[in-house]
Each structure stands twice: as C-alpha cells, then as structure tokens.
Amino acid sequence: MPIEINRSWSIPDAELEWKYTTSGGPGGQHANKASTRVQLSWSIVDSPTVSQGVRARLMSKLGDVVRADVDDHRSQLRNKDIAMERLGDKVKAALVTKRKRRATKPTRGSQRRRLEGKKRKSHTKKLRQKPRSWD
C-alpha cells in the first residue's frame with residue numbers, strides 16, 4: 001500500500017525498504033523470537049517519483065534517506081502501520097514551507113508606551129543615585 005503524502009503524490013511500495021528484527025527489552029519468549037520491530041526506509045535520492053525541487057527541499061531537511069523505526073506494539077502488522085504513518089508525517093512536515101515574515105511599522109501607541117516605559121525606568125534609576133552635594 002503506497003504512502004499518500006498529498007492528493008497528487010504518494011510514495012509507491014516499490015520504493016520502500018522494510019526490515020524486521022526482534023524488539024529489545026523485556027517481554028519473555030515472544031519478544032525474543034518474534035520479529036515485531038519494524039524499520040521502514042525510503043531513499044529520496046533514488047526515487048524517480050520526486051521532482052528536482054521537491055527532492056532538494058526534502059534532502060536539505062531530511063538527508064538522503066528517511067527512516068521510521070517502530071517497536072511500540074507486539075504486533076508486527078500494527079508496527080508496520082505506525083511506521084508508514086510516521087514516515088509519511090516526516091515527509092509532509094519537510095514539505096511545509098514557512099511564510100516569510102513581513103516587516104511592519106510599530107503602532108503609534110506601542111511607540112508611546114515604549115518611550116513612557118523608558119522615562120519611568122530612567123526616573124527610577126535617578127532616584128537610586130546618591131544626592132549631589134552643593135559645595
């Protein structure tokens with residue numbers, strides 16, 4: 001089943017590489033024998049379905065290969081589903097472009113409040129000084 005990134009693009013099964021290993025940690029005989037840990041990887045460099053612009057953006061944020069390692073559940077099937085979700089989420093997040101910040105002028109009120117604050121602070125500091133002697 002391909003991983004759908006958006007309506008117009010998905011990662012086909014042929015480009016995904018699956019590895020199954022035994023999960024670490026406690027769990028008794030089941031954990032020691034069953035290969036429930038799933039490692040899903042997708043090579044951005046070798047993918048023919050990705051355009052050059054998208055490939056450059058993905059590689060700058062994710063590197064050459066995207067991986068998702070999952071050993072959350074005892075079921076290999078459930079771990080496979082989670083791995084596909086996580087890999088898809090990583091790719092989707094890397095494709096999001098941040099909006100450029102638009103410079104704005106400070107409002108008249110904010111400028112006034114800033115200057116009043118500076119005057120108040122200046123007055124407070126003046127009160128802390130030693131009094132001058134009138135020799």
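Keep in mind that this is a model prediction, so the values were computed, not measured. The analysis underlying the following values was restricted to heavy atoms, covering all of them including side chains, and did not include hydrogens, waters or symmetry mates.
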- Before giving the answer on side-chain hydrogen bond (donor to acceptor under 3.5 Å, both in side chains), spell out for S47 and E15 the whole-Å C-alpha distance, their side-chain angles and the decisive distance to 0.1 Å. CA-CA 7 Å; S47 177; E15 296 181 19; 2.5 Å; yes
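- A distance of 9.5 Å separates CD in Q76 from OG1 in T21, rounded to the nearest 0.5 Å.
- With rounding to the nearest 0.5 angstrom, the NE2 atom of H123 is 13.5 Å from the NZ atom of K121.
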For a quick test of your reading: what N or O donor-acceptor pairs under 3.5 Å do the side chains of residues 65-72 make, sequence neighbours left out?
from: D69; atom 1: OD1; to: Q39; atom 2: NE2; distance (Å): 3.2
from: D72; atom 1: OD2; to: R86; atom 2: NH2; distance (Å): 2.5

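- Interatomic distance, CZ of R78 versus OG1 of T36, reported as 13.5 Å (0.5 Å rounding).
- Here the closest heavy-atom approach between residue L40 and residue L87 is recorded as O-CD1, 3.9 Å.
- Put simply, the side chain of S43 does not reach to within 4.5 Å of the side chain of D64, judged on heavy atoms.
- Atom NZ of K19 has 12 or fewer heavy atoms from other residues, nucleotides or ligands within 6.0 Å.
- With hydrogens and angles disregarded, a donor-acceptor distance shorter than 3.5 Å links the side chain of T124 to the backbone of R120.
- Between the side chain of R37 and the main chain of T22, no donor-acceptor pair closer than 3.5 Å is present.
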For residues 97-107, which side-chain donor-acceptor pairs fall under 3.5 Å, sequence neighbours excluded?
from: T107; atom 1: OG1; to: S110; atom 2: N; distance (Å): 3.1
from: T107; atom 1: OG1; to: S110; atom 2: OG; distance (Å): 3.2

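- Side chain of N79 to backbone of H73: a donor-acceptor contact under 3.5 angstrom is found.
- Rounding to the nearest 0.5 angstrom, the gap separating the CD1 atom in I5 from the OG1 atom in T49 is 9.5 Å.
- Taking 4.5 Å as the limit, some side-chain heavy atom of V91 sits within range of a side-chain heavy atom of W9.
- The two residues P2 and P12 come nearest to each other via the heavy atoms CB-CA, 4.1 Å.
- Of all non-hydrogen atoms in E4 and K92, the two that sit nearest each other are O-CE, 3.5 Å.
- Under a hydrophobic clustering in which Ile, Leu, Val, Met, Phe, Trp and Tyr are joined whenever their side-chain heavy atoms come within less than 4.5 Å, directly or via other members, I82 and W42 fall into different clusters.
- If you take CG on D46 and CD on E17, they are separated by 10.0 Å, rounding to the nearest 0.5 Å.
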